[in-house]
Number of protein chains: 2
Amino acid sequence: MKPMGSKSRTARPMAKRKTRPAKPVRPPAAKKQIEPLDDRRQVVINEAARLFGSKGYEGTSMRDIAAAVKILPGSLYHHFPSKEDLFVAVYAFAVSQSLDAVTAAIANRTDPWARLEAACIAHTQGLLDTNSYAAVLISHLSVSNLPNQVVALRDSYESVFKELIAELPLPPGIDRRIFRLGLLGSMSWTITWYRPGGETPATIVRKLLSIIRRE
Amino acid sequence: MKPMGSKSRTARPMAKRKTRPAKPVRPPAAKKQIEPLDDRRQVVINEAARLFGSKGYEGTSMRDIAAAVKILPGSLYHHFPSKEDLFVAVYAFAVSQSLDAVTAAIANRTDPWARLEAACIAHTQGLLDTNSYAAVLISHLSVSNLPNQVVALRDSYESVFKELIAELPLPPGIDRRIFRLGLLGSMSWTITWYRPGGETPATIVRKLLSIIRRE
DNA sequence: CAACACCAAACAATCGTTTGTTTCGATTTG
DNA sequence: CAAATCGAAACAAACGATTGTTTGGTGTTG
């Protein structure tokens with residue numbers, strides 16, 4: 001209904017905008033969550049990511065999320081002051097996870113095309129993973145006013161691809177910005193047609209890149 | 001909230017599922033709407049297309065649409081039995097409009113690449129037009145269960161691109177299905193970053209195709 | 001007159017959110 | 001060591017607003 005950047009319906013004390021202590025940064029995530037993950041807050045983020053990613057922001061209610069975490073709706077507000085704040089936290093988590101995955105994937109490669117391919121595979125695997133944390137990255141096609149924080153997070157993430165593409169030996173006359181946006185678009189769009197059991201995300205990405213790449 | 005393919009909240013008489021008499025097919029749309037357009041139904045579709053396209057299905061309420069048409073919410077149900085039916089009508093209209101635009105664009109061209117370029121430009125212009133009827137075509141990233149009719153319409157539209165791509169003289173080893181989905185994805189995604197006043201849709205599309213096309 | 005297009009008003013359901021209370025483990029204190 | 005205290009986390013219940021939709025009446029028009 002209303003754009004995300006707007007004020008909440010019932011007046012909430014704006015002063016209570018507590019700036020979290022930089023988030024309890026857990027060590028770059030060895031696997032998934034081996035540690036007891038007593039952090040219930042993180043459970044909320046995980047479930048919300050799954051729901052936002054599969055049903056969209058407007059299509060996911062706080063009650064849906066609460067039910068998935070098995071707490072009552074009101075209890076969510078112990079962890080997050082509003083639905084929008086929760087979304088921002090989810091988005092930030094998804095960005096950091098994807099960033100970690102992409103960074104790890106390109107770490108030990110030097111060839112520019114190999115680095116781009118590794119990054120794209122990691123990115124797309126995150127998007128298409130059925131227990132996806134990353135689908136939320138593209139869950140807001142139509143939300144016109146999305147929070148500044150989210151835009152900033154997205155830009156910081158996409159800048160990684162900007163740098164990877166800057167290293168490519170492309171023929172002159174190629175617009176690298178359009179190259180980046182086109183590539184990201186074709187990867188994002190896979191979520192609308194990808195079916196598990198068919199081609200793997202890695203195969204899809206390799207085929208996409210083989211179309212773009214010139215010998 | 002609930003997937004579009006499901007039953008409505010308050011029990012509606014399912015028998016009244018009136019299959020419209022094939023829709024009052026207006027002559028392939030000379031320009032936009034020069035004729036008096038007494039058809040109020042079409043006004044509803046136009047406004048709904050604009051709103052669905054810019055705010056998404058869940059983000060658009062029947063009251064929003066009614067206000068845009070300047071009638072009361074309940075009056076919408078004189079034209080459409082449900083919100084979902086309205087969406088299907090809007091989607092069908094958008095497909096037919098886009099189909100007309102693409103068909104006209106490729107009519108007098110023979111070179112395969114020129115035909116594809118013309119089609120892509122027409123497609124993307126429809127998507128990015130600020131008074132867009134076509135943005136609704138991609139307004140459902142996350143809706144898991146979308147009506148069968150919509151899927152069928154989308155497939156019929158995309159089959160045009162399938163044929164255009166089949167004609168291309170591509171190097172062997174290129175997966176033309178991935179080619180099509182990647183190209184459609186990169187075009188669809190422009191809606192997330194396109195800004196009026198910057199590069200025109202035509203320029204964007206030409207740059208995209210110049211990346212893909214090999215000399 | 002009959003069909004159409006609409007208004008006016010309401011319906012139950014669900015929305016995001018608030019409020020007040022309870023539970024319970026850890027910490028502090030007598 | 002035991003009792004008192006505390007805060008986090010949850011429950012229980014409700015708030016007003018908004019959702020899609022229904023019903024019944026009204027004016028207009030061919």
Could you work out, with salt bridge (Lys or Arg N to Asp or Glu O under 4.0 Å) as the rule, every residue matching [X], not counting sequence neighbours?
X: A/Arg115; value: A/Glu167
X: B/Arg154; value: none
X: B/Arg206; value: B/Glu117

(message) Checking the side chain of B/Lys83 only, and the main-chain atoms of B/Tyr57 only, is there a donor and an acceptor separated by less than 3.5 Å?
(response)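 Yes, the answer is positive, given that a donor and an acceptor are paired below the 3.5 Å cut-off.
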
(message) With no hydrogens and no angle check, just 3.5 Å: does a side-chain donor-acceptor pair link B/Ser159 and B/Ser156?
(response)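 Per modelled atom types, B/Ser159 and B/Ser156 side chains form no pair under 3.5 Å.
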
(request) Report yes if the side chains of B/Trp189 and A/Leu181 come closer than 4.5 Å at any heavy-atom pair, otherwise no. (result)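 Not touching, per the 4.5 Å side-chain cut-off.
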
Can you measure [X] atom [atom1] to [N] atom [atom2] for me and round it to whole angstrom units?
X: B/Ile65; N: D/dT19; atom1: CD1; atom2: P; answer: 11 Å
X: A/Lys55; N: C/dC15; atom1: NZ; atom2: C1'; answer: 13 Å
X: A/Met62; N: D/dG16; atom1: CE; atom2: P; answer: 20 Å
X: A/Lys83; N: C/dT14; atom1: NZ; atom2: P; answer: 15 Å
X: A/Tyr77; N: D/dC11; atom1: OH; atom2: C1'; answer: 16 Å

(message) What verdict does the side chain to side chain donor-acceptor pair (under 3.5 Å) test give for B/Gln42 and B/Asn46, after you've listed the backbone C-alpha separation in whole Å, the side-chain angles of each residue and the deciding distance to 0.1 Å?
(response) CA-CA 6 Å; B/Gln42 186 59 44; B/Asn46 289 340; 3.1 Å; yes

(request) Compare side-chain N and O positions of A/Ser61 against OP1 and OP2 of C/dT14 and report whether any pair is under 4.0 Å apart. (result)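 A/Ser61 to C/dT14 OP1/OP2: no side-chain N or O under 4.0 Å.
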
Listed pairs, N/O of protein and of nucleotides 4-10 of chain C, under 3.5 Å:
| from | atom 1 | to | atom 2 | distance (Å) |
| --- | --- | --- | --- | --- |
| C/dA5 | OP2 | B/His78 | NE2 | 3.1 |
| C/dC6 | OP1 | B/Arg40 | NE | 2.5 |
| C/dC6 | OP1 | B/Arg40 | NH2 | 3.4 |
| C/dC6 | OP2 | B/His79 | NE2 | 2.6 |
| C/dC7 | OP2 | B/Leu72 | N | 2.7 |
| C/dC7 | OP2 | B/Ser75 | OG | 3.1 |

(request) Quick one: which residue pairs count as a salt bridge (charged side-chain N to carboxylate O under 4.0 Å, His left out) with a foot in residues 195-204 of chain B, not counting sequence neighbours? (result)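 Matches after skipping sequence neighbours: A/Arg177-B/Glu199, B/Glu199-B/Lys207.
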
Between the protein and nucleotides 27-29 of chain D, are there any N/O to N/O pairs under 3.5 Å, and if so, what are the atom names and distances?
none

